[in-house]
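The block underneath contains the structure these notes are about, expressed in structure tokens.
Heavy-atom basis, side chains included; hydrogens, waters and symmetry copies ignored.
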Amino acid sequence: MAERRSPSRGMDDVDAVTRAVLTASRLLVAVSARSLAEVEERVTLPQFRMLVVLSTRGATKLVVLADLLQVAPSTAMRMVDRLIAAGLADRQVNPDNRRETMLQLTDEGRRTVADVTARRRDEIATIVERLAPEQRTALVSALTAFNEAGMEPLAPVTDDPELYPLGWVDATVGRGA
């Protein structure tokens, strides 16, 4: 592929940057997959994503959950049924509208999200520790610029109660909505 030129900066090797980001993406997907390894017999990655959404939003109606996950309500219901069977989620009648059912995590579901997130964070920290301090600083700068260009809000610090463990957030959060 030919290098792309940026009119304001002369030669800009977009292809080299794209390749580096794709490689980093592959590494992060592998880290995420390994962090799920201990629960993979009970939870798939899409189901874990649902657990994360329920973890961050609390009790949620099925249609809202399906919308947040960008799946059909019938797909979301099948996922919920599997999570309920695994003891990770449950249904409760909405106290404000008894015709509605709210979906929420069980204590085991919350522990699962916390454990997987901790394993993921630990493995990423191990990788980052291998970098020299100046490389870490450069990486923070580069990733911050990349995330801003992609309009992705900054991940919260570890003790933030609004932690989004896998980075899936409500599209309106941090984007002016």
Side-chain angles (χ1 to χ4, degrees), residues 21 24-129 140 143-144 146-147 150-177:
V21 171
S25 172
R26 190 175 62 223
L27 171 62
L28 291 171
V29 167
V31 167
S32 293
R34 285 191 296 268
S35 71
L36 276 169
E38 289 184 32
V39 296
E40 70 184 344
E41 289 182 17
R42 294 188 310 157
V43 182
T44 65
L45 183 57
Q47 290 168 344
F48 185 73
R49 183 175 179 211
M50 181 177 276
L51 292 175
V52 169
V53 170
L54 289 171
S55 172
T56 58
R57 293 188 61 92
T60 307
K61 293 190 297 186
L62 179 69
V63 293
V64 172
L65 189 58
D67 186 53
L68 290 168
L69 296 171
Q70 298 179 334
V71 299
S74 60
T75 300
M77 182 53 80
R78 284 190 299 275
M79 291 169 67
V80 165
D81 289 342
R82 289 183 188 116
L83 292 174
I84 290 171
L88 302 172
D90 65 12
R91 293 181 183 93
Q92 298 291 322
V93 173
N94 183 349
D96 298 328
N97 181 349
R98 300 200 51 80
R99 292 179 291 163
E100 292 179 344
T101 300
M102 303 297 283
L103 307 166
Q104 61 188 19
L105 293 183
T106 61
D107 289 342
E108 180 63 21
R110 279 187 283 286
R111 272 192 301 279
T112 298
V113 170
D115 291 348
V116 170
T117 301
R119 281 194 297 278
R120 181 173 170 256
R121 183 176 290 281
D122 289 348
E123 188 169 347
I124 290 171
T126 298
I127 293 166
V128 170
E129 288 171 352
V140 168
L143 289 175
T144 298
F146 181 78
N147 293 332
M151 299 180 352
E152 183 66 26
L154 185 63
V157 293
T158 55
D159 59 353
D160 190 325
E162 296 298 315
L163 184 65
Y164 294 94
L166 288 178
W168 292 300
V169 298
D170 182 337
T172 62
V173 174
R175 296 195 183 148

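- Between Q104 and L54 there is no side-chain heavy-atom pair separated by less than 4.5 Å.
- The nearest pair of heavy atoms linking L65 to T60 is N-CG2, 3.8 Å.
- For E38, the CD atom is loosely surrounded, since the number of other residues' heavy atoms within 6.0 Å does not exceed 12.
- In this structure, N147 contributes its side chain and L143 its backbone to a donor-acceptor pair below 3.5 Å.
- Contact between V52 and V113 at its shortest, heavy atoms only, is N-CG2, 4.3 Å.
- With a 4.5 Å cut-off on side-chain heavy atoms, V116 and R119 count as touching.
- F48 approaches V43 most closely through the heavy-atom pair N-CG1, 3.4 Å.
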Please walk me through it: do L103 and Q92 pass side chain to side chain contact (heavy atoms under 4.5 Å, CB included)? CA-CA 6 Å; L103 307 166; Q92 298 291 322; over 6 Å; no
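- V21 and F146 make their closest contact through CG1-CZ, 3.6 Å (heavy atoms, listed as atom of the first residue, atom of the second, distance).
- A donor-acceptor pair is defined here as one N or O able to donate and one able to accept, closer than 3.5 Å; such a pair exists between the side chain of T126 and the backbone of D122.
- Rounded to the nearest 0.5 angstrom, T112 OG1 and E108 CD are separated by 4.5 Å.
- Going from atom CG of D90 over to atom CE of M102 covers 11.5 Å, rounded to the nearest 0.5 Å.
- Of the possible donor and acceptor atoms, one in the side chain of T106 sits under 3.5 Å from a partner among the backbone N and O of L88.
- To the nearest 0.5 Å, the span separating CG on L28 from OG on S32 amounts to 6.5 Å.
- Rounding to the nearest 0.5 Å places NZ of K61 at 7.5 Å from CG of N94.
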Would R91 and E100 count as a salt bridge (charged side-chain N to carboxylate O under 4.0 Å, His left out) here? Give the steps. CA-CA 10 Å; R91 293 181 183 93; E100 292 179 344; over 6 Å; no
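- Using a 4.5 Å cut-off on side-chain heavy atoms (C-beta onward), L36 and T44 make no contact.
- Atom CZ of residue R82 and atom CZ of residue R42 lie 15.5 Å apart, to the nearest 0.5 angstrom.
- Judged by distance alone, the side chains of T117 and R120 never bring a donor and an acceptor atom under 3.5 Å apart.
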Set out, in order, the CA-CA distance, both residues' side-chain angles and the distance that settles salt bridge (charged side-chain N to carboxylate O under 4.0 Å, His left out) for R110 and D107, then state yes or no. CA-CA 5 Å; R110 279 187 283 286; D107 289 342; 2.6 Å; yes
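- The shortest heavy-atom contact between A76 and L62 is CB-CD1, 3.6 Å.
- Put simply, the side chain of V64 reaches to within 4.5 Å of the side chain of R57, judged on heavy atoms.
- In this structure, L105 CG and M50 CE are separated by 10.5 Å, a value rounded to the nearest 0.5 Å.
- Residues M79 and P46 form a side-chain contact, since some pair of their non-hydrogen atoms from C-beta on lies under 4.5 Å apart.
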